[in-house]
Amino acid sequence: MVQFENAGSESTSSGASAEGDSKRRRSGPDGKERKKKRKSGGSDKRNGTLPKRRRPSMSKPARDLRDEPPPTPGAATPEEEGGGGKKAGGGGGGKVTRSPSPVVDFDGLSRPSAGTRERLDETPEQAAVRLQRMSGAVRTILECVGEDPDREGLLATPERYAKAMLFFTKGYQQNVRDIVNGAIFHEGHNEMVIVKDIDIFSLCEHHLVPFNGKMHIGYIPANAVIGISKLPRIAEMFSRRLQIQERLTREVANAIMEVLKPQGVAVVMESSHLCMVMRGVEKTSSTTITSCVLGCFERKEKTRNEFLSLVGVNRR
């Protein structure tokens, strides 16, 4: 019995010693017991605040709206849930009143304005009046620069220039859907298609002088392909307007995305601008490169690099 009691007392004393060591480890230099640190990001029960959500990375590229997965049948879109979705005729089964593309409107026009539609729908008599007004404006310019518009070499120049300007801007009278003309074929093809070195001539809207160069267009079909000649025709339509190169590149890409609905579209343009060759900084050998990538070309670096390599941009 004595021996048993000694063993019990020894066990009790060793337990008390271990407990004391544990308290000393938890306590700070001032003898007060430390409190466990709260994990970062946890909710604060004292003031009832929720943990802050991590901010998304700002390095990610902007996404095109068409990259989002299609809504499931019967599911309401965010616009419909918020009451912002407008339907044609006010009915639930009508068509959306705005095209999803920021470029192509209902009738296939791009960036349509009142002047665009007037020129598209004018009668031959109205077209003659337009030409006469433009010729008068060119004659005024000739007078203002110190020339004699009545001398032999300039007699027909106002009318010639007016006709040339109407030709340079004939893209305002063209329609994307009429250009495509139903030339979309379901071939089950899903590999990259590229048309490169498309000659482009356009007018800078800032100085009304030309810029020209090459455009490369690529897309990855979603089982449907477009007639090869339609890609240069779409590029030609947008270039025959008053443009800047950045917008021209974007408009071509958006229009192809709109009419074909492919997995992705990539457009690269290289050009020389006479507004910085003939005037301004006068750098005759400089070129400007712009690009617009949508869909899988934007999401997948490997696909984008393959396109750039095939058109020769990465080798320079």
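Predicted model only: the values in this text are computed from it and were never measured. The figures here come from the full heavy-atom set of this structure, side chains too, leaving out hydrogens, waters and symmetry mates.
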Novice: Indicate the atoms forming the closest heavy-atom contact of V252 with A235, along with that distance.
Specialist: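 Distance-wise, the nearest heavy atoms are CG2-CA, 3.9 Å.
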Novice: Using a 6.0 Å cut-off, check whether atom NZ of K214 has over 12 heavy atoms from anything other than its own residue.
Specialist: yes
Novice: Verify the distance criterion only: is there a donor paired with an acceptor across the side chains of T290 and T249 at less than 3.5 Å?
Specialist: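 Result is yes, a qualifying pair exists.
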Novice: What distance separates Q243 CD from L203 CG, expressed to the nearest 0.5 Å?
Specialist: 10.0 Å
Novice: Would you say S239 and L248 make side-chain contact, with heavy atoms under 4.5 Å?
Specialist: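 Side chain of S239 against side chain of L248, heavy atoms only: contact under 4.5 Å found.
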Novice: Out of curiosity, M215 CE to I234 CD1, how far, rounded to the nearest 0.5 Å?
Specialist: 11.0 Å
Novice: Going by heavy atoms in the side chains, are P158 and L142 under 4.5 Å from each other?
Specialist: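 Yes - at least one pair of side-chain heavy atoms lies under 4.5 Å apart.
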Novice: Do V193 and V180 sit in one hydrophobic cluster, given that two such residues count as connected whenever their side-chain heavy atoms are within less than 4.5 Å of each other, even indirectly?
Specialist: yes
Novice: Output yes when a side-chain donor or acceptor of D148 lies under 3.5 Å from a complementary backbone atom of D150, and no otherwise.
Specialist: yes
Novice: Quick one: does E187's side chain have a donor or acceptor within less than 3.5 Å of a partner on N223's backbone?
Specialist: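 Such a contact is absent between E187 side chain and N223 backbone.
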Novice: Take V293 and V265 through the side chain to side chain contact (heavy atoms under 4.5 Å, CB included) test and state the conclusion after the steps.
Specialist: CA-CA 6 Å; V293 290; V265 175; over 6 Å; no
Novice: What do the steps show when you test H273 against T287 for side chain to side chain contact (heavy atoms under 4.5 Å, CB included), and what is the final call?
Specialist: CA-CA 8 Å; H273 293 248; T287 58; over 6 Å; no
Novice: Please find the pair of heavy atoms, one from G227 and one from F185, that lie closest to each other, and give the distance.
Specialist: N-CE1, 4.2 Å
Novice: Can you see which heavy atom on L131 is nearest to which on A162, and at what distance?
Specialist: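 Shortest heavy-atom contact: CD1-CB, 3.5 Å.
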Novice: Determine, step by step, whether I194 and I217 satisfy the side chain to side chain contact (heavy atoms under 4.5 Å, CB included) criterion, reporting the C-alpha distance in whole Å, the side-chain angles of both residues, the deciding distance to 0.1 Å, and the verdict.
Specialist: CA-CA 6 Å; I194 297 176; I217 302 175; over 6 Å; no
Novice: Quick one: does E282's side chain have a donor or acceptor within less than 3.5 Å of a partner on R279's backbone?
Specialist: no
Novice: Please answer: with hydrophobic residues joined when any side-chain heavy atoms are less than 4.5 Å apart, are V138 and L242 in the same cluster?
Specialist: yes
Novice: Counting only heavy atoms not in E147 (residues, nucleotides, ligands), do more than 12 fall under 6.0 Å from its CD?
Specialist: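 Yes, the 6.0 Å shell around CD holds more than 12 heavy atoms from other groups.
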Novice: If you round to the nearest 0.5 Å, how far is CG of D197 from CD of E270?
Specialist: 8.0 Å
Novice: Please determine whether the number of non-hydrogen atoms from other residues, nucleotides or ligands lying under 6.0 Å from atom CZ of R130 exceeds 12.
Specialist: yes
Novice: Checking side-chain hydrogen bond (donor to acceptor under 3.5 Å, both in side chains) between T169 and each of R240, R241, R119, which is the one that passes?
Specialist: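 Option passing the side-chain hydrogen bond (donor to acceptor under 3.5 Å, both in side chains) with T169: R119.
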Novice: Test your reading of the model: is there a side-chain donor-acceptor pair from S271 to the backbone of G213, 3.5 Å cut-off?
Specialist: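 Judged by distance alone, no pair lies under 3.5 Å.
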Novice: Check the pair Q263 / N190 against side chain to side chain contact (heavy atoms under 4.5 Å, CB included), numbers first and verdict last.
Specialist: CA-CA 8 Å; Q263 297 182 50; N190 58 3; 3.8 Å; yes
Novice: Has the side chain of Y219 got a donor or acceptor atom that lies under 3.5 Å from a matching backbone atom of I226?
Specialist: yes
Novice: Please report the closest heavy-atom contact between S286 and S272, naming both atoms and the distance.
Specialist: O-OG, 4.0 Å
Novice: To the nearest 0.5 Å, tell me how far E205 CD sits from F211 CZ.
Specialist: 9.0 Å
Novice: So, do N212 and S202 sit near enough that their side-chain heavy atoms are less than 4.5 Å apart?
Specialist: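 No; the side chains remain at least 4.5 Å from each other.
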Novice: Hey, are the side chains of P149 and T157 touching, using non-hydrogen atoms and a 4.5 Å cut-off?
Specialist: no
Novice: Which heavy-atom pair separates C296 from T303 by the least distance, and what is that distance?
Specialist: O-CB, 4.3 Å
Novice: So, R139 and E143, do they make that salt bridge, N to O below 4.0 Å?
Specialist: yes
Novice: Are there over 12 heavy-atom neighbours, none belonging to K170, within less than 6.0 Å of that residue's NZ?
Specialist: yes
Novice: For V277 versus K283, what's the shortest heavy-atom pair and its separation?
Specialist: CG2-O, 3.6 Å
Novice: Would you check if the side chain of H206 reaches a backbone N or O of L208 as a donor-acceptor pair within less than 3.5 Å?
Specialist: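 Flag not set: sc H206 to bb L208 has no pair under 3.5 Å.
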Novice: Look at the aromatic rings of F297 and F307 and report parallel, tilted or perpendicular, splitting at 30° and 60°.
Specialist: perpendicular
Novice: Closer than 3.5 angstrom, by distance alone: can the side chain of K230 be matched with the main-chain N or O of A183 as a donor-acceptor pair?
Specialist: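 The answer is no, because no donor-acceptor pair under 3.5 Å joins these two groups.
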Novice: Which distance, rounded to the nearest 0.5 Å, do you find between the CE of M237 and the CG of D178?
Specialist: 10.5 Å
Novice: Identify whether M269 and M276 are in the same connected component of the hydrophobic contact network (ILVMFWY, side-chain heavy atoms under 4.5 Å).
Specialist: no
Novice: Taking side chain as C-beta onward, heavy atoms only, is I198 less than 4.5 Å from E236?
Specialist: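 Side-chain contact under 4.5 Å: no.
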Novice: How long is the span from the CZ atom in R247 to the SG atom in C292, to the nearest 0.5 Å?
Specialist: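 The SG atom of C292 is 13.5 Å from CZ of R247, to the nearest 0.5 Å.
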Novice: Is there a continuous path of hydrophobic side-chain contacts, each under 4.5 Å between heavy atoms, that joins V176 to I228?
Specialist: yes
Novice: Using a strict 4.0 Å threshold on nitrogen-to-oxygen distance, state whether K163 and E159 make a salt bridge.
Specialist: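 Result for this pair is yes, salt bridge flagged.
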Novice: Is there a continuous path of hydrophobic side-chain contacts, each under 4.5 Å between heavy atoms, that joins L274 to V281?
Specialist: no
